[in-house]
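FYI, side chains are in, hydrogens and waters are out, and symmetry mates aren't considered; it's all heavy atoms of this structure. All values derive from a computational prediction rather than experimental measurement.
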Amino acid sequence: SLFSEFKALDIQIINLELGKLSSLIVGTYQIQEIIDKNLVNAVFSYGFRSDFICSTLENVVKVTSVRNTLLINWRHTWGPVLGTILGKINLFFIRKFDFVIACSQSVSNYLNTLNLNNIHIRNSIEPKRGNFKKVSAPLDSKSFISISSKLKGKNIEFLLSCFVMPQLSNHKLVIAGYVKPELVKVYSKYPNIEFLGHINNLGEYLVSCDYFISASLHEGMPNAVLESLSLGTPVILSNIPSHLEVFEDPTLKIGEVFINNSYDDLLSKIDSIISHNYIEISVNCKTLIKNNFSVNKMVSKYEKFFFSII
């Protein structure tokens, strides 16, 4: 949250202090009052609950940001039936906005298939610096870190099953975030698997591991990937559109892309990336973030956009 940063800049913050249910019941009314009283020009929404609350506001320009592949994301999370229903409800409210901003070109392309007019302003990240000790791993082995959550689309079980295979069992796999207890129970017995759980110092682990790895089935523009690159940590990513977008500059070797759910291809790509000059790739990672994912560029695009609509 940027709450403390905004307060330090003396930016007025109005906190309605509403719970999930109460915000759905009275949120729209209370926000409309604030808009009318303060002559607000535009509202910026993100997420299902926010879109529901803001979609019917009046006398204001309504903008929302989409940061995932809507229907695909809902189906992976809630199943094909309920997920489709929830996804279409979400889409219904999004269509009520005046402008839709996609967080990446790949998400924009997906929204176009839904006949949803949008512009894309790519998610970016502030380059970070880190100098932390390496994660402990056996000699002649490498350490890999991945991010998990309650979202099924992270596909963490595939990675776990791969790293206990003989060809990869000498390498260390570190998992940050939520993992199903039954998976933790099964894979904790393997010495090369480490579960961190929820942590507040993710950046330290991203830079202390040799590589970042993701087998996600869908993403918008994954911040963990961008943060890893900003720290000079090469990436090994599944071949979904948002991951491929990160590799758009063919002149910069930053890692490898593998065919998702293919152990043989993953193994091949891990062997390939390990064979390359690590320092050279690490420098490329930071260069990519500076050139293509700079926060200054993102801020400039948002400024131009909002000044053009109000």
If only atom types and distance count, is the side chain of [X] paired as donor or acceptor with the main-chain N or O of [Y] below 3.5 Å?
X	Y	answer
Thr233	Leu206	yes
Glu219	His243	no
Asn68	Gly220	no
Ser143	Cys209	no
His171	Lys142	yes
Ser55	Lys96	no
Thr28	Ile53	yes
Asp98	Lys62	yes
Asn260	Asn239	no
Ser65	Tyr46	no

Can you tell me if [X] has over 12 outside heavy atoms packed within less than 6.0 Å of its [atom1]?
X	atom1	answer
Glu245	CD	yes
Leu9	CG	yes
Asn117	CG	no

Show me, pair by pair, the donor-acceptor contacts under 3.5 angstrom made by side chains of residues 76-87, not counting sequence neighbours?
unit_1 : atom_1 : unit_2 : atom_2 : d
Thr77  : OG1    : Asn73  : O      : 2.9
Thr84  : OG1    : Arg75  : NE     : 2.9
Thr84  : OG1    : Pro80  : O      : 2.5

Q: May I ask you to check whether Phe99 and Phe44 place their ring centres under 6.0 Å from each other?
A: no

Residues pairing under salt bridge (charged side-chain N to carboxylate O under 4.0 Å, His left out) where one sits in residues 252-264, two or more places apart or in two chains, turn out to be Lys253-Glu256

field: Under the side chain to side chain contact (heavy atoms under 4.5 Å, CB included) test, residues paired with Asn15 that sit two or more places apart
entry: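 Asn15 satisfies side chain to side chain contact (heavy atoms under 4.5 Å, CB included) with Glu17 once adjacent residues are dropped.
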
Nearest atoms (heavy-atom pairs only) where [X] meets [Y]:
X	Y	value
Tyr278	Asp210	OH-O, 2.6 Å
Ile310	Ala42	CG2-CB, 4.0 Å
Arg49	Ser23	NH1-OG, 2.9 Å
Ile147	Ala224	CG1-CB, 3.8 Å
Phe293	Asn123	CD2-O, 3.6 Å
Leu202	Ile199	CA-CD1, 3.8 Å

Looking at [atom1] of [X] and [atom2] of [Y], how far apart are the two atoms once the value is rounded to the nearest 0.5 Å?
X	Y	atom1	atom2	answer
Leu71	Asn90	CG	CG	8.5 Å
Arg122	Ser106	CZ	OG	8.5 Å
Ser228	Leu237	OG	CG	8.5 Å

Kindly indicate whether the side chain of [X], heavy atoms from C-beta on, has any atom under 4.5 Å from the side chain of [Y].
X	Y	answer
Leu168	Leu267	yes
Ile94	Leu111	no
Leu217	Asn261	yes
Tyr263	Ser161	no
Met221	Val246	yes
Leu160	Val164	no
Tyr29	Glu33	yes

Apply the test side chain to side chain contact (heavy atoms under 4.5 Å, CB included) to residues Leu16 and Ile31: give CA-CA distance (whole Å), side-chain angles for both, the deciding distance (0.1 Å), then the verdict. CA-CA 9 Å; Leu16 299 181; Ile31 293 175; 3.7 Å; yes

For [X], side chain to side chain donor-acceptor pair (under 3.5 Å) partners two or more places apart:
X	answer
Ser214	Ser216
Arg95	none
Asn118	Ser108, Asn112
Ser242	none

Under the side chain to side chain contact (heavy atoms under 4.5 Å, CB included) criterion, do Thr69 and Ile240 qualify, and how do the steps go? CA-CA 11 Å; Thr69 47; Ile240 58 175; over 6 Å; no

### Donor-acceptor side-chain pairing of Asn277 and Glu280 below 3.5 angstrom
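No.
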
Do you see a donor-acceptor pair shorter than 3.5 Å between the side chains of Ser45 and Ser50?
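There is such a pair (donor and acceptor under 3.5 Å, judged by atom type) between the side chains of Ser45 and Ser50.
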
Cluster overlap [X] with [Y], hydrophobic side-chain contacts below 4.5 Å:
X	Y	value
Phe212	Leu226	yes
Leu116	Val61	no
Ile274	Leu173	yes

Notebook entry, point to check: Which of parallel (below 30°), tilted (30 to 60°) and perpendicular (above 60°) describes Tyr211 and Phe144?
Noted result: parallel

Residues 174-191 vs side-chain hydrogen bond (donor to acceptor under 3.5 Å, both in side chains), sequence neighbours excluded, gives none

| message | Filter on side-chain hydrogen bond (donor to acceptor under 3.5 Å, both in side chains), then keep only pairs touching residues 299-310, sequence neighbours left out; what's left? | response |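 Output for this query is empty, none listed.
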
TODO: List the steps and the verdict of side chain to side chain contact (heavy atoms under 4.5 Å, CB included) for Ile89 and Phe48.
DONE: CA-CA 9 Å; Ile89 292 173; Phe48 180 79; 3.9 Å; yes

Ring pair (Phe, Tyr, Trp, His ring centres under 6.0 Å) filter on Phe52, not counting sequence neighbours, yields Phe93

For Phe258, ring pair (Phe, Tyr, Trp, His ring centres under 6.0 Å) partners two or more places apart:
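For Phe258, no residue satisfies ring pair (Phe, Tyr, Trp, His ring centres under 6.0 Å) once neighbours in sequence are set aside.
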
**Report entry** Evaluation steps, side chain to side chain donor-acceptor pair (under 3.5 Å), between Gln32 and Asp36
**Finding:** CA-CA 6 Å; Gln32 187 67 61; Asp36 295 339; 3.1 Å; yes

Residue set satisfying salt bridge (charged side-chain N to carboxylate O under 4.0 Å, His left out) with Asp265, at least two apart, ordered chain then number -> Lys269

- Please step through side chain to side chain contact (heavy atoms under 4.5 Å, CB included) for the pair Ile254 and Asp249, ending with a clear verdict. CA-CA 9 Å; Ile254 59 169; Asp249 188 342; over 6 Å; no

